[in-house]
Amino acid sequence: MQETLQSLLQQRLGDALLKLHVDCSLALVTPAADIRFGDYQTNAAMVIAKQERKNPREVAAQLIEQLQVDDIAATPEIAGPGFINFRLTTSFLEKQIATLLNDPRCGVALVDKPQTIVIDFSSPNVAKPMHVGHIKSTVLGDALARIARFLGHHVITDNHLGDWGTQFGKVIYGVKNIAKSKIETVHQLVELYREVNEKEEHDPEMKAAVREELVKLQQGDAENVAIWKEVVAISWKEFENIYQQLNISFDECLGESSYNEALEPLVKRLEQEGIAEESQGALVVFFKNHPTLAEKPFLIRKADGGFLYATTDIATLEYRKERWHPDAIWYVCGMPQQLHFEQLFATAKKIGISCELRHISFGSILGEDRKMMKTRSGENVELNALLEEALDRAFKLVSEKNPGFSDAEKKEIAQIVGLGALKYADLMQHRTTDTIFSWEKMLSFQGNTAPYLQNAYVRIQSILRKAKEAGEVVAFDSIKLQEDAERTLALQLLQFAEVVPAILSDARPNILCLALYELANSFHRFYEQCPILKAEESVKQSRLALAQLIGCVLRCGLELLGIKVPERM
RNA sequence: GCGUCCGUAGCUCAGGGGAUAGAGCAGGGGAUUUCUAAUCCCUUGGUCGCAGGUUCAAAUCCUGCCGGGCGCACCA
């Protein structure tokens, strides 16, 4: 297991505590809260002082006497109420940074105990277009999958498509009775659905006919099944196009329809086992002694005998358990569905499914008016339109800056920058905070945005290209950290190994975004202050190597978020 | 009504027991014959919704209140 700076210091602290015969798991080494306090700090003395009713600064002094860090840091200092501050030596940082060169993992260790994790995300509904509401689940789920895989976990991504349900009665009725020509797009399906929906309101006969079509589908009627399959295929074609643009793929796309056969026996079993009971004509699961769910029954069969998405979700859970024996299942799904997942997980407990179940929820996307984002006519904003606008805006941006690029190159760059900006905007905030959608902000070159990070990368590549053209053969074997800017960069580069593993504990890619932003910011400062190509030979070598390393970490970090980097922009 | 999440600078947000609460934008002032200024530097701006409590230490934990979002039986 590779050490990070933090774990190394933590170990040294542990050794010192051992010598003092103190057992204290709360004594933590953390990155310094402020550069004035050095590189890392520990509150160990204060925690121990509390336990043993001693003076914290005295405890700190004793601790420092036992701390063996002279090979890596200056003598630790006591500060404030009893913090111990560590300042790593430059030579140690230089030594450590050398291990990063040529490391494709940028210093990030694999986890000790790989887990099998099923990640359920995206999950759009068939016969409807994907809209803004799907983007967070899709982008966040993909990023988490990439990160978990990178750390060595066995990840199964599963797109739980909404490809079954009452809406198909209407769609099939529409296809059979209303459609004038062959249906080829999701928009036509939506139109059809809308028309049927409106007409059946004041037409009981039609309502009955719609219902009949649904029943026939559920009973396996050949014609209706064929229409259903066609509808799924039309939808999938459009989804696939979006996923392709977003560079997102799935191991499995087991939609709700995959579990049709399992529902009946499942419900019977739950009833027999006394887990579910009848109530007001429906079959429900009660959680009688649960603090908050006591009065919230979980409906698994309607009074009319139909099943619900709760039913499908239980069946899906059992299927996943059986097929993959996962250690964890993550549901990347919006906040409004919290109650549903609490109920689902409580049910899982009742039926003896013990793997870790997490609802990874996230905030909504709001318009600049702070209300749910809608089009002027009050409809959901379609994802297709959103992607198109991202590409458009990015294309204009590139064209302004680099009119000389060919259209093909501009398009390629627009794709990377525009979609990167869109994804990054969904990942850079704490996931539960609502996002206020703003093209201007996400495409800005200032602040914590994808273009800012991509631009840092592009500048690095430009320098490396020039170096190559000038015939520089860079021996990336030694980095000398002379300037403050260089030292800061080295520290941040080494801390990448600490940040990435920390993301999953609370599913928060935003901490990676922040770290990358700070790295890019430090690079830009370094870029202003420290000439690279014009520096004298030995310094040039070191700075080129440092720049290359920054580029690698930026690229690696952005890739973990599902974002690409351009070579020019 | 019950549940749940949230209230931090003019705006958008970090920070979720530790030091003097941080960024970006906006406002003010500077830097460019460039290694891509799509950048950088300096600066103004905050009783962390309010009131109690726990603690050596609270924006952070607990309780109450105020204000908002979302969810609560046959949609997903």
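Proteins get letters first, then strands, A, B, ... in listed order; numbering begins at 1 in each.
- In this structure, His430(A) reaches the sugar-phosphate backbone alone: every heavy-atom distance under 4.0 Å involves primed, P, OP1 or OP2 atoms, never a base.
- Nearest nucleotide to the side chain of His524(A), out of C40(B), U12(B), G71(B): C40(B).
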Are there any protein N/O atoms within less than 3.5 Å of an N/O atom in nucleotides 22-30 of chain B, and if so, which ones and at what distance?
residue : atom : partner   : partner atom : Å
C25(B)  : OP1  : Gln446(A) : OE1          : 3.3

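- Between Phe83(A) and Phe37(A), the ring centre distance reaches or exceeds 6.0 Å.
- A distance below 6.0 Å separates the ring centres of Phe298(A) and His340(A).
- When heavy atoms are screened at a 4.0 angstrom cut-off, Leu514(A) is found touching the sugar-phosphate backbone but no base atom.
- Residue contacts for Lys466(A): at a heavy-atom cut-off of 4.0 Å it reaches the sugar-phosphate backbone alone, with no base atom in range.
- If you look at Phe345(A) and His359(A), their ring centroids are not closer than 6.0 Å.
- For the pair Asn43(A) and A19(B), the criterion of a side-chain N or O lying under 4.0 Å from OP1 or OP2 is not met.
- Across all strands shown, Arg508(A) has heavy atoms under 4.0 Å from sugar-phosphate atoms exclusively, and none from any base.
- A76(B) atom P lies 13 Å from atom CH2 of Trp164(A), rounded to whole Å.
- Counting non-hydrogen atoms under 4.0 angstrom, Arg568(A) reaches a base of the nucleic acid.
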Please write out each protein N/O paired with an N/O of nucleotides 5-7 of chain B under 3.5 Å, distance rounded to 0.1 Å.
none

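- Put simply, NE2 on His290(A) is 17 Å from P on C72(B), counting in whole angstrom units.
- Using a 4.0 Å heavy-atom criterion, one finds that Met428(A) contacts no nucleic acid atom at all.
- Computed from coordinates, the Ile511(A) CD1 to A14(B) C1' distance equals 12 Å when rounded to whole Å.
- Computed from coordinates, the Asn197(A) CG to C75(B) C1' distance equals 11 Å when rounded to whole Å.
- Arg393(A) meets the salt bridge (Lys or Arg N to Asp or Glu O under 4.0 Å) test with Glu389(A); sequence neighbours excluded.
- Picking from C40(B), C13(B), G18(B) the nucleotide with the shortest atom distance to the side chain of Tyr452(A) gives C40(B).
- Taking atom P in both U55(B) and A14(B), one finds a spacing of 32 Å when rounded to whole Å.
- In this structure, Arg459(A) satisfies the cation-pi test against Tyr527(A), with its NZ or CZ atom closer than 6.0 Å to the six-membered ring centre and inside 45 degrees of the ring normal.
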Original post:
Where each pair must be Watson-Crick or G-U wobble with both distances under 3.5 Å, what dot-bracket representation of RNA chain B is obtained, with crossing pairs in [ ] and other-strand partners as |?
Top reply: (((((((..((((....[...)))).(((((.......))))).....(((((..]....))))))))))))....
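- Contact annotation for Cys513(A): no contact, since no heavy-atom pair falls under 4.0 Å across all strands.
- Using a 4.0 Å heavy-atom cutoff across all strands shown, Ala49(A) reaches no nucleic acid atom at all.
- No engagement by Asn55(A) is indicated, since no non-hydrogen atom pair under 4.0 Å with the nucleic acid exists.
- The backbone N or O of Arg568(A) lies less than 3.5 Å from no partner atom in the side chain of Gln461(A), so there is not a single donor-acceptor pair.
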Original post:
Given the rule in the side-chain contact (heavy atoms from CB on, under 4.5 Å) test, do Ser123(A) and Leu161(A) qualify, once you have shown the distances and angles that lead to the verdict?
Top reply: CA-CA 4 Å; Ser123(A) 312; Leu161(A) 297 169; over 6 Å; no
Enumerate the protein-to-nucleotides 53-59 of chain B contacts in which both atoms are nitrogen or oxygen and the separation is below 3.5 Å.
residue : atom : partner  : partner atom : Å
U55(B)  : O3'  : Lys50(A) : NZ           : 3.4
U55(B)  : O2'  : Lys50(A) : NZ           : 3.3

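- As a whole-Å value, the separation of Leu28(A) CG from G18(B) P is 11 Å.
- When each of A19(B), A73(B), C75(B) is scored by its nearest atom to the side-chain atoms of Thr166(A), the top-ranked nucleotide is C75(B).
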**OP:** Could you give me the CA-CA distance, side-chain angles and deciding distance for His131(A) and Leu383(A), then say whether side-chain contact (heavy atoms from CB on, under 4.5 Å) is met?
**Re:** CA-CA 4 Å; His131(A) 56 85; Leu383(A) 203 42; 5.7 Å; no
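- For A14(B), its base never sits under 3.5 Å from the side chain of Thr433(A) at any donor and acceptor pair.
- Applying a 4.0 Å cut-off to non-hydrogen atoms, the residues of residues 294-309 of chain A that approach RNA chain B are Lys296(A), Pro297(A), Leu299(A), Lys302(A), Ala303(A), Leu308(A), Tyr309(A), listed by residue number.
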